[in-house]
Amino acid sequence: MRRKWVGGNWKMHGSRALASSLAGAVVDADIADVDIVLFPPFPYLREACAACAGSRVAVGGQDLSEHESGAFTGEVSAAMLRDVGCGAVLAGHSERRRYHHEADAQVAAKVACAMDHALLPVLCVGESLEEREAGRTAEVVSRQLGAVVERCGIAAFERIVVAYEPVWAIGTGRTASPGQAQEVHALLRSQLARDDARIAGSTRIVYGGSVKPGNAADLFAQTDIDGGLIGGAALQATDFLAICAAAR
Ligand code: PEP
């Protein structure tokens, strides 16, 4: 039985005050039986970590450098994320792949770096609308997942959360149907199972893309959907908490 996981990606939104109040509201709700991680913008990690200290809610970075340290202006290392209290980090979010041209090998290096520093990597994969319409969904997500298997090894997937986030569903209000999402989740799991069936059975694969309180339960009820990575709805405590409750 895989434990459900829900992440709240605040993207480039909020303020110190919002970070404290939003994280505080999630902590106060004290939702059991679901692993919850909040991903605030870097400058607000401190507020979120302070609000979540001693609770069952964890905090993560939205990205990390694949380098340990050095002359990489603007970058944030895995060690720095650990140092401020993070327990997790997103790697390969489609907005990083698209606007910052992050390639599969770079994303895999970021996952490896996160693991070296005991951060839970949340590996994001997903196809664009163009790729889906061209019938290339399986090829694209398999390639993205395969790059991390190749770099980190299958055993690493005991400590990686995979987030399937079709690019056409992120922030668009257009959610993949539960059936469409389940199909890709099953495919990702069977790809892992080719290397190790036991690990594939325990890897959490969560869905992201316009998840709302109204569609969360149907998505999370699918056999291979182990929770969600939430963007827009994570900025409203009531919506986010309703989604977390749907994952229980
Ligand atoms: C995301 O940013 O990862 C995301 C899934 O966003 P949204 O829920 O707004 O589609």
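- Heavy-atom contacts from other residues, nucleotides or ligands closer than 6.0 Å to CD of Glu150 number 12 or fewer.
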Side chain to side chain contact (heavy atoms under 4.5 Å, CB included), that's the test. Do Asp239 and Lys212 meet it? Break it down for me. CA-CA 7 Å; Asp239 284 358; Lys212 307 286 176 219; 5.9 Å; no

Worked check of salt bridge (charged side-chain N to carboxylate O under 4.0 Å, His left out) between Glu165 and Arg97: CA-CA 12 Å; Glu165 299 205 300; Arg97 291 182 191 262; over 6 Å; no

Go through Asp30 and Arg56 one step at a time and tell me if the salt bridge (charged side-chain N to carboxylate O under 4.0 Å, His left out) criterion holds. CA-CA 7 Å; Asp30 199 26; Arg56 42 174 137 226; 3.0 Å; yes

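- At most 12 heavy atoms of other shown residues, nucleotides or ligands fall within 6.0 angstrom of atom CZ in Arg46.
- The number of heavy atoms from other shown groups lying within 6.0 Å of CZ (Arg143) is above 12.
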Decide yes or no on salt bridge (charged side-chain N to carboxylate O under 4.0 Å, His left out) for Asp226 and Arg3, but give the supporting numbers first. CA-CA 7 Å; Asp226 305 312; Arg3 199 174 150 85; over 6 Å; no

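- Checked by atom type, the side-chain pair His117/Glu68 shows a donor-acceptor distance below 3.5 Å.
- Counting non-hydrogen atoms of neighbouring residues, nucleotides and ligands closer than 6.0 angstrom, the CD atom of Gln236 reaches no more than 12 such neighbours.
- The cluster map of Ile, Leu, Val, Met, Phe, Trp and Tyr, joined by side-chain heavy atoms under 4.5 Å apart, puts Trp10 and Val37 in different clusters.
- Contact annotation: the side chain of Phe220 approaches that of Val211 to within less than 4.5 Å [non-hydrogen atoms, C-beta and beyond].
- With rounding to the nearest 0.5 angstrom, the OG atom of Ser65 is 8.5 Å from the CE atom of Met80.
- In the hydrophobic clustering of this structure, Leu192 groups with Val125; members are Ile, Leu, Val, Met, Phe, Trp, Tyr whose side-chain heavy atoms approach within less than 4.5 Å, directly or through other members.
- Using a 3.5 Å distance cut-off with no hydrogens or angles, the side chains of Gln144 and Asp104 do not pair a donor with an acceptor.
- Clustering ILVMFWY residues whenever any of their side-chain heavy atoms sit less than 4.5 angstrom apart, transitively, puts Leu90 in a cluster other than the one holding Met115.
- The main-chain N or O of Leu187 is found under 3.5 Å from a side-chain atom of Ser190 such that the two form a donor-acceptor pair.
- The two residues Ala200 and Arg189 make their nearest non-hydrogen contact at O-NH1, 2.8 Å.
- Atoms CD and CD, from Gln180 and Gln222 in turn, are 11.0 Å apart once rounded to the nearest 0.5 Å.
- The side-chain contact (heavy atoms from CB on, under 4.5 Å) test with Arg2 is passed by exactly one of Thr203, Asp224, Ile205: Asp224.
- From Ser210, atom OG reaches atom CG of Asn215 across 8.0 Å, with rounding to the nearest 0.5 Å.
- Put simply, Val122 and Ile154 are part of two different groups of oily side chains (I, L, V, M, F, W, Y) that touch within less than 4.5 Å, one to the next.
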Decide yes or no on side chain to side chain contact (heavy atoms under 4.5 Å, CB included) for Ile36 and Trp5, but give the supporting numbers first. CA-CA 6 Å; Ile36 301 175; Trp5 185 97; over 6 Å; no

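- Here CD of Glu158 is found 4.5 Å from CZ of Arg198. Values are rounded to the nearest 0.5 Å.
- Listed by first and then second residue, the ring pair (Phe, Tyr, Trp, His ring centres under 6.0 Å) pairs involving residues 128-166 are Tyr164-His185 (not counting sequence neighbours).
- Side chains of Leu45 and Val59 form a contact here, defined as non-hydrogen atoms less than 4.5 Å apart.
- Between Glu127 and Arg136 no salt bridge is recorded (no basic side-chain N to carboxylate O distance below 4.0 Å).
- Across all their heavy atoms, Ser128 and Val167 have their closest contact at CA-CB, 3.9 Å.
- For Ser77 against His67, the heavy-atom pair with the smallest separation is CB-O, 4.1 Å.
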Side chain to side chain contact (heavy atoms under 4.5 Å, CB included) evaluation trace for Lys110 with Asp63: CA-CA 8 Å; Lys110 289 182 178 210; Asp63 184 37; 2.9 Å; yes

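- Rounding to the nearest 0.5 angstrom, the gap separating the CG atom in Leu241 from the CD1 atom in Ile31 is 5.0 Å.
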Is there a side-chain hydrogen bond (donor to acceptor under 3.5 Å, both in side chains) between Ser20 and Glu47? Walk through the geometry before answering. CA-CA 5 Å; Ser20 294; Glu47 279 74 15; 5.5 Å; no

Side chain to side chain contact (heavy atoms under 4.5 Å, CB included) between Val161 and Leu120, intermediate numbers included: CA-CA 7 Å; Val161 168; Leu120 173 78; 3.9 Å; yes

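- The hydrophobic clustering, which links ILVMFWY residues whose side-chain heavy atoms are closer than 4.5 Å, places Phe39 and Tyr44 apart.
- Side-chain contact between Arg174 and Leu129 is present, with heavy atoms from C-beta onward closer than 4.5 Å.
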